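Here's the structure we're looking at; comments come further down.
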Amino acid sequence: GEGHGSMCPEAMCADGQAVEVRWEESSSWGRILAPGQTWGAEDEDLLLRSAARRQGTLRLRAGELLAALGSSYRELGFSGFGAYVRERLSRSAGWARDSKVVAIRARERMVLREAFVRGRLSWSALELLLRHTSSEPAELGAEMGDEAGARERRDLELLRRTEGMSVRA
């Protein structure tokens with residue numbers, strides 16, 4: 001694929017050179033800032049949200065891989081899960097456990113997982129929704145034998161109700 005542009009607006013600002021920045025991996029466009037042009041708060045916010053989105057997607061994938069790994073870290077010579085995660089991922093065992101739990105729960109709640117992957121939910125929102133909402137299908141749908149459809153409809157309604165919520169003042 002194509003190379004990725006710089007993600008460091010400070011480098012452009014410090015030396016005054018034009019830098020192309022790509023903030024959507026699938027995008028073929030970038031943003032070029034002319035020498036002397038400054039970044040606004042919205043530009044910085046867009047870059048930070050994009051970086052957080054990519055980081056969250058990588059965390060979800062790490063959780064999926066950790067779930068698949070199971071206890072095979074012992075076969076690799078590690079005494080425990082925490083030791084494996086600290087050495088291989090430079091993360092804490094708690095971070096890894098939380099990532100694994102979210103990945104496993106998200107597998108059962110594909111509507112929420114897809115909303116996260118597409119950027120409609122942040123990692124924090126995904127984690128909260130998975131932790132504090134039931135994965136059980138709605139009673140009416142379950143009675144009618146459509147558990148998966150009932151769960152999907154309930155999660156779509158949950159997304160609709162939470163859309164646009166923010167902690168901003």
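What's counted below: heavy atoms across the whole structure, side chains too, no hydrogens, waters or symmetry copies. Just so it is clear, the structure is predicted and the values come from calculations on it, not from any experiment. One is the number of the first residue; the rest follow in order along the sequence.
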_Arg53 versus Thr57, side-chain donor and acceptor atoms under 3.5 Å_ = no

Tell me whether [X] shares a hydrophobic cluster with [Y], the cluster being built from Ile, Leu, Val, Met, Phe, Trp, Tyr side chains joined at under 4.5 Å.
X: Val102; Y: Met110; answer: no
X: Leu60; Y: Trp95; answer: no
X: Leu65; Y: Leu58; answer: no
X: Ile104; Y: Leu121; answer: no

Could you grab the distance from atom [atom1] of [X] to atom [atom2] of [Y], nearest 0.5 Å is fine?
X: Asp98; Y: Trp123; atom1: CG; atom2: CH2; answer: 8.0 Å
X: Ser92; Y: Arg97; atom1: OG; atom2: CZ; answer: 7.5 Å
X: Leu158; Y: Leu129; atom1: CG; atom2: CG; answer: 5.0 Å

For residues [X] and [Y], report the shortest heavy-atom separation together with the two atoms involved.
X: Gly82; Y: Ala93; answer: CA-CB, 3.8 Å
X: Tyr84; Y: Leu76; answer: CE1-CD1, 3.9 Å
X: Ala103; Y: Gly63; answer: CB-C, 3.5 Å

*Give me the one residue out of Arg120, Arg161, Arg109, Arg113 that meets salt bridge (charged side-chain N to carboxylate O under 4.0 Å, His left out) with Asp155.*
Arg109

*Any Lys/Arg nitrogen of Arg160 or Glu157 sitting under 4.0 Å from an Asp/Glu carboxylate oxygen of the other?*
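Yes, charged N to carboxylate O under 4.0 Å.
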
*Charged N-O contact under 4.0 Å between Arg105 and Glu108*: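 Salt bridge between Arg105 and Glu108, a charged N being under 4.0 Å from a carboxylate O: no.
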
*Report the C-alpha separation of Val101 and Leu130 in whole Å, then their side-chain angles, then the decisive distance to 0.1 Å, and conclude whether the side chain to side chain contact (heavy atoms under 4.5 Å, CB included) test is met.*
CA-CA 9 Å; Val101 166; Leu130 291 172; over 6 Å; no

Under 4.5 Å between any side-chain heavy atoms of [X] and [Y], yes or no?
X: Val85; Y: Phe78; answer: no
X: Arg59; Y: Leu126; answer: no
X: Leu66; Y: Leu89; answer: yes

_Donor-acceptor under 3.5 Å (Arg74 side chain, Ser79 main chain)_ = yes

*Indicate yes or no for a side-chain donor-acceptor contact from Ser122 to the backbone of Ala125 under 3.5 Å, with no hydrogens or angles considered.*
yes

